[in-house]
Trainee: 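Sharing a structure below in structure tokens format, with a few things to ask.
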2 protein chains.
Amino acid sequence: MADINVSLQSRPSKGEPVAPGRPAGVGDGESLVDLIELFFFAYRNFVSDPDEILQGIGFGRAHHRVLHFVYRHPGMRVTDLLDILRITKQSLGRVLRELVDQGFIDSRAGASDRRQRLLHLTPKGEALAQEFVAIQSRRIRRALDECGADSRDQGRRFLVAMIDPEDRGAVEKLIARADQAAESRAGKSAPAKGGPAKDAGTRNAPSTRPAG
Amino acid sequence: MADINVSLQSRPSKGEPVAPGRPAGVGDGESLVDLIELFFFAYRNFVSDPDEILQGIGFGRAHHRVLHFVYRHPGMRVTDLLDILRITKQSLGRVLRELVDQGFIDSRAGASDRRQRLLHLTPKGEALAQEFVAIQSRRIRRALDECGADSRDQGRRFLVAMIDPEDRGAVEKLIARADQAAESRAGKSAPAKGGPAKDAGTRNAPSTRPAG
């Protein structure tokens, strides 16, 4: 983590002025290259938080992402996961196999369609997914605390605005639905109209099949 | 891009309340899982912007990242790039070779150390890198416009706060140094103390060698 820091601080300063926030003025319209790069560095640090744990069990970031979304959407299908992660079927297949083999994910045949595999976390998988959420929440919490009042709403608004407008509604619904499933699992909410709380996993799993 | 949107909108609503911004209450302290996921989706869209162009020339996102940082730091060394991207030497080697073979990057022996390869973009590489900056700047500009006044400073503050505190100074210096090099290349700035503008490439290349 300290590579860049150490190396750049060790470089003799030649009196270059540091001008954060200034656009580079390149290309089509005003360049926001500083924000492009800050987004890259922020995300690089953010996804590296669970690296130490992942390396200890021979996993990588793709395993983390799969674990996370299955944690949030118990009973989700492989095709749903492909839609969210936008990786190849081959890559996902390999990662899933490893997660199943090592007892983090349970892949069951669907009740209505036996050929359809539905994904659930094992208790071991759930514990790990929760740990990752806690680790990444700490980074965000610290960032929001530094940014002061309203920073949560502002940060949320900025991230939503960075998402393709045509994807936003679906993303927000996906998050809300997973939150609801989490509450049901935690026994916090009363049984909803859709059925008893124990059905929440299946009820809340995202369906990604197009209408046509 | 429209996968999730189409699929989720086509799913019959079962009257689940949509509660954006509500934490799921999982794990250590308050969970910020909604922001974790928004960050994932925002970054997923952000890095996919140049995908169409990249696919057209048989490249992937790693090629984009290499092209970008060499564009911003002309004359940078392979080791500098490894520090920034945090990928394996093997992965970078393959990507670099393809970029050199197809005439986007020029790899020259260093003047002081002939064994050290210094990376520069060819005019073709520079045109492509500029196009990517323009594309990604458009997404950020649109997001900032939606978020209203002060959103640039707020977005910047949030992204900086998401970076490891010990990396922040180095990242901001790296960005400022590249901005300065860009201005020198564009002939906008008067020659600085450190030397004439034409030396900017080498002068501004990040050095990542530790002090000891």
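Naming: A, B, ... by sequence-line order, numbering from 1 per chain.
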Trainee: With a 4.5 Å heavy-atom cut-off, do B:Ile84 and A:Phe40 have their side chains touching?
Mentor: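 In contact.
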Trainee: Could you tell me if the side chain of A:Phe41 sits less than 4.5 Å from the side chain of B:Leu174, heavy atoms only?
Mentor: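 Answer yes - side chains close enough.
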Trainee: State, yes or no, whether a side-chain contact exists between B:Phe158 and A:Leu144 at a heavy-atom distance under 4.5 Å.
Mentor: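 Yes, at least one pair of side-chain atoms sits under 4.5 Å.
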Trainee: Answer yes or no: is there an ion pair linking A:Arg44 with B:Asp167, defined by an N-O contact shorter than 4.0 Å?
Mentor: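 B:Asp167 and A:Arg44: salt-bridged.
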Trainee: Tell me which one of A:Arg156, A:Arg168, A:Arg157 satisfies side chain to side chain contact (heavy atoms under 4.5 Å, CB included) with B:Leu38.
Mentor: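 Among the candidates, only A:Arg156 passes.
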Trainee: Given a strict heavy-atom distance threshold of 4.5 Å, which part of B:Phe69 is in contact with chain A: side chain, backbone, both, or neither?
Mentor: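 Contact with chain A: side chain only.
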Trainee: Heavy atoms only: give me the nearest A:Ala42-B:Leu159 pair and the separation to one decimal.
Mentor: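 In terms of heavy atoms, the two residues are closest at CB-O, 3.6 Å.
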Trainee: On a heavy-atom basis, which atom in A:Val33 and which in B:Ser137 lie closest, and how many Å separate them?
Mentor: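 A:Val33 and B:Ser137 have their closest heavy atoms at N-OG, 4.3 Å.
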Trainee: Donor-acceptor pair, A:Arg139 side chain versus B:Ala161 backbone, under 3.5 Å?
Mentor: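 Such a contact is absent between A:Arg139 side chain and B:Ala161 backbone.
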Trainee: Which atoms of A:Glu146 are under 4.5 Å from chain B, going by heavy atoms: the side chain, the backbone, both sets, or neither?
Mentor: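 Just its side chain gets close to chain B.
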Trainee: Given ring pair (Phe, Tyr, Trp, His ring centres under 6.0 Å), test B:Phe46 with A:Phe39 step by step and report yes or no.
Mentor: CA-CA 9 Å; B:Phe46 174 70; A:Phe39 204 36; 4.8 Å; yes
Trainee: What are the two closest heavy atoms between A:Asn45 and B:Asp164, and how far apart are they?
Mentor: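 Distance-wise, the nearest heavy atoms are OD1-N, 2.7 Å.
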Trainee: So which part of A:Ile135 gets closer than 4.5 Å to some heavy atom of chain B, the side chain, the backbone, both or neither?
Mentor: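 For A:Ile135, no heavy atom lies under 4.5 Å from chain B.
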Trainee: Could you tell me whether the side chain of A:Asp34 reaches within less than 4.5 Å of the side chain of B:Arg152, counting heavy atoms only?
Mentor: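 Of all side-chain heavy-atom pairs linking A:Asp34 with B:Arg152, at least one is under 4.5 Å.
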Trainee: Among A:Arg65, A:Gln154, A:Glu131, A:Gln136, which residue forms the greatest number of heavy-atom pairs with chain B at distances under 4.5 Å?
Mentor: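 With the most close heavy-atom pairs to chain B, the winner is A:Gln154.
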